Amino acid sequence: MERRHRRTKKEKMEDELIQTEEAIRQYREVISTMEEKRRSLLAEIEAEHIREVTRLLKEKNLSVEQLKNMLGDMRSETMMEQGA
């Protein structure tokens with residue numbers, strides 16, 4: 001019966017290095033996937049905000065231009081109050 005070659009400390013460290021590099025690669029893939037999911041969720045949240053504003057405009061029977069004017073007026077009033 002043939003005896004198995006006993007691994008040296010260097011061989012063990014090289015194997016551990018390979019395993020560590022593979023783990024790093026896997027974590028990077030997971031991070032990349034999570035970043036893409038984050039971007040997607042942020043886009044969905046923004047789209048939902050826009051849908052909410054659109055619903056409110058329809059509910060109040062306002063145009064986008066009217067909303068802009070209202071917000072502009074509010075900004076002007078706020079600036080005047082802060083300047084006083």
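Heavy-atom basis, side chains included; hydrogens, waters and symmetry copies ignored. Quick caveat, the model's predicted, so the values are computed rather than measured.
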Treating Glu21 as the side-chain partner and Ile18 as the backbone partner, does any N or O pair qualify as donor plus acceptor under 3.5 Å? no
If you measure from [atom1] on [X] to [atom2] on [Y], what distance do you get to the nearest 0.5 Å?
X	Y	atom1	atom2	answer
Met13	Glu16	CE	CD	9.0 Å
Leu41	Met34	CG	CE	8.5 Å
His49	Glu46	NE2	CD	9.0 Å
Ile45	Ile50	CD1	CD1	12.5 Å
Glu59	Glu52	CD	CD	11.5 Å

For Glu35, the side chain to side chain contact (heavy atoms under 4.5 Å, CB included) test, sequence neighbours excluded, returns Ile31, Arg39
Could you work out, with side chain to side chain contact (heavy atoms under 4.5 Å, CB included) as the rule, every residue matching Arg25, not counting sequence neighbours? Glu22, Glu29
When hydrophobic residues are tied together by side-chain contacts of less than 4.5 Å, even through go-betweens, does Val53 share a cluster with Val64? yes
Does the side chain of Leu67 reach to within under 4.5 Å of the side chain of Leu56, using non-hydrogen atoms? no
Grab the two heavy atoms, one from Asn61 and one from Gln66, that are nearest each other, plus how far apart they are. O-OE1, 4.0 Å
Nearest heavy-atom neighbours spanning Glu48 and Arg55: OE2-NH2, 3.2 Å
Which is it for Met70 and Leu62 under the side chain to side chain contact (heavy atoms under 4.5 Å, CB included) test, yes or no, and what are the steps along the way? CA-CA 10 Å; Met70 289 171 59; Leu62 292 172; 4.0 Å; yes
